[in-house]
Amino acid sequence: MASSTALSLSWSSSPCWSHSFNGGANETLKVSERRFNFEVVSQKKAKKLRKVILKEDVTDLGKQGQLLDVKAGFFRNFLLPTGKAQLMTPLLLKELKMEEERIEAEKQRVKEEAQQLAMVFETVGAFKVKRKGGKGKLIFGSVTAQDLVDIIKAQLQRDIDKRLVSLPEIRETGEYIAELKLHPDVTARVRINVFAN
């Protein structure tokens, strides 16, 4: 809260002035007494901040599309001339909210698609992988994420990035569980049957 102090100044004029004229007669001009009251109010210096929206990422400040309060001089001297920020207006705020809603709806749609794809993977059953057999249960080589991606593409006609596949080390025949990270919130568990031919 800004504190204020008041200071009163007063000034009064003298009640009469004497003037002499060449005519030899002294006339006295009377001026009514005037009293002026001045009141001076001082406040703390207000911080000059501007609400801006960033058009691009700014180091040590924020990311694109972020709403910030910045000092007026920083905005006027750096952000505005370089085109990195724009002054916030009610119309721009409305557009920003609409854009956020659109992005949120798109994220929700992607998540639902990932959940449906995970349901498909889990209901398919086990994917069968054939490898050349060695001694006992051992196989030559190992089963990699790329092998699983190729099998999924052949059986389900779905393209999956191999970086999304998390496999245990498979060097023997048997049944294994692989995880497909389809979305940050959605993970599908897929069964793999490895057998020797």
Side-chain angles (χ1 to χ4, degrees), residues 49-70 75 79 82-197:
L49 296 177
R50 299 286 183 261
K51 279 199 177 297
V52 298
I53 184 167
L54 296 178
K55 290 183 178 179
E56 58 187 69
D57 293 351
V58 179
T59 308
D60 297 331
L61 189 61
K63 301 248 180 228
Q64 179 180 1
Q66 193 173 358
L67 180 65
L68 298 170
D69 287 329
V70 296
F75 172 71
L79 295 175
T82 57
K84 295 186 178 198
Q86 186 175 0
L87 205 57
M88 181 53 68
T89 61
L91 180 64
L92 193 60
L93 185 61
K94 185 177 178 182
E95 289 176 5
L96 180 65
K97 285 183 181 178
M98 288 175 56
E99 182 70 17
E100 285 176 356
E101 290 172 1
R102 187 191 64 77
I103 290 172
E104 192 61 37
E106 179 69 19
K107 285 181 182 177
Q108 187 63 31
R109 185 189 64 77
V110 168
K111 183 177 178 180
E112 288 173 1
E113 284 181 3
Q115 288 172 339
Q116 290 174 354
L117 191 58
M119 187 68 75
V120 168
F121 285 137
E122 290 175 0
T123 57
V124 164
F127 292 101
K128 296 178 182 173
V129 180
K130 292 182 183 178
R131 286 287 182 256
K132 186 175 179 184
K135 288 184 179 178
K137 294 174 68 176
L138 292 175
I139 58 173
F140 286 107
S142 64
V143 178
T144 64
Q146 185 62 48
D147 295 331
L148 182 58
V149 168
D150 293 340
I151 292 168
I152 291 172
K153 187 170 184 178
Q155 290 184 9
L156 300 176
Q157 289 77 38
R158 302 277 185 164
D159 286 327
I160 302 291
D161 189 0
K162 71 177 185 177
R163 293 173 289 188
L164 302 176
V165 178
S166 173
L167 273 177
E169 187 173 326
I170 301 174
R171 294 190 179 270
E172 296 180 349
T173 58
E175 187 170 308
Y176 298 93
I177 303 274
E179 290 186 350
L180 303 174
K181 189 94 170 156
L182 303 172
H183 187 269
D185 298 333
V186 179
T187 302
R189 296 171 63 85
V190 177
R191 288 186 303 139
I192 303 171
N193 281 333
V194 180
F195 57 95
N197 51 338

Qualifying salt bridge (charged side-chain N to carboxylate O under 4.0 Å, His left out) pairs, either residue in residues 82-92, two or more places apart:
none
Hey, is E106 close enough to R109 for a salt bridge, meaning N to O under 4.0 Å?
yes
Closest non-hydrogen atoms of H183 and V110, given as atom of the first, atom of the second and distance, are CD2-CG1, 3.9 Å
Identify the heavy atoms of L87 and K51 that sit nearest to each other, and give their distance.
CD1-O, 3.7 Å
Starting from the C-alpha separation in whole Å, work towards a yes-or-no answer on side-chain contact (heavy atoms from CB on, under 4.5 Å) for T173 and I139.
CA-CA 7 Å; T173 58; I139 58 173; 3.6 Å; yes
To check you understand the geometry: which heavy-atom pair defines the closest contact between A178 and L167, and what is its length?
CB-CD2, 3.3 Å
Any donor-acceptor pair under 3.5 Å linking the side chain of D147 with the backbone of T144?
yes
In Å, rounded to the nearest 0.5 Å, how long is the span from CE of M98 to NZ of K94?
7.0 Å
Using the rule given for side-chain contact (heavy atoms from CB on, under 4.5 Å), can you reason through I152 versus L180, listing the C-alpha separation, both sets of side-chain angles and the distance that settles it, and then say yes or no?
CA-CA 11 Å; I152 291 172; L180 303 174; 4.1 Å; yes
Would you say the side chain of E172 lies within less than 4.5 Å of the side chain of V194, judging by non-hydrogen atoms?
no
Quick one: pull up CG in D150 and CD in Q155 and give me the separation to the nearest 0.5 Å.
11.5 Å
How long is the straight-line distance from CG of L67 back to CE of M88, given to the nearest 0.5 Å?
4.5 Å
Which distance, rounded to the nearest 0.5 Å, do you find between the NZ of K55 and the CD1 of I53?
10.0 Å
Closest heavy-atom contact between Q64 and D57?
N-OD1, 2.7 Å
Run the numbers on F195 and K130 for side-chain contact (heavy atoms from CB on, under 4.5 Å), then give the verdict.
CA-CA 5 Å; F195 57 95; K130 292 182 183 178; 3.4 Å; yes
Contact check, side chains of L156 and F127, non-hydrogen atoms, under 4.5 Å:
yes
Rounded to the nearest 0.5 Å, what separation is found between the CD atom of E100 and the CZ atom of R102?
11.0 Å
Given L54 and K63, is the side-chain contact (heavy atoms from CB on, under 4.5 Å) satisfied, shown in steps?
CA-CA 7 Å; L54 296 178; K63 301 248 180 228; over 6 Å; no
Hey, does the side chain of N193 reach the backbone of E175 with a donor-acceptor pair shorter than 3.5 angstrom?
no
Please check if the number of heavy atoms outside E169 that lie under 6.0 Å from its CD is greater than 12.
no
Point-to-point distance, once rounded to the nearest 0.5 Å, from CZ of R171 to CZ of F140
12.5 Å
Give the minimum heavy-atom separation between V165 and I160, together with the two atoms involved.
CG2-CG2, 4.4 Å
Over all atoms of both residues, closest heavy-atom pair of A118 and L182:
N-CD1, 3.7 Å
Would a 4.5 Å heavy-atom cut-off, applied to side chains only, mark L61 and L79 as touching?
yes
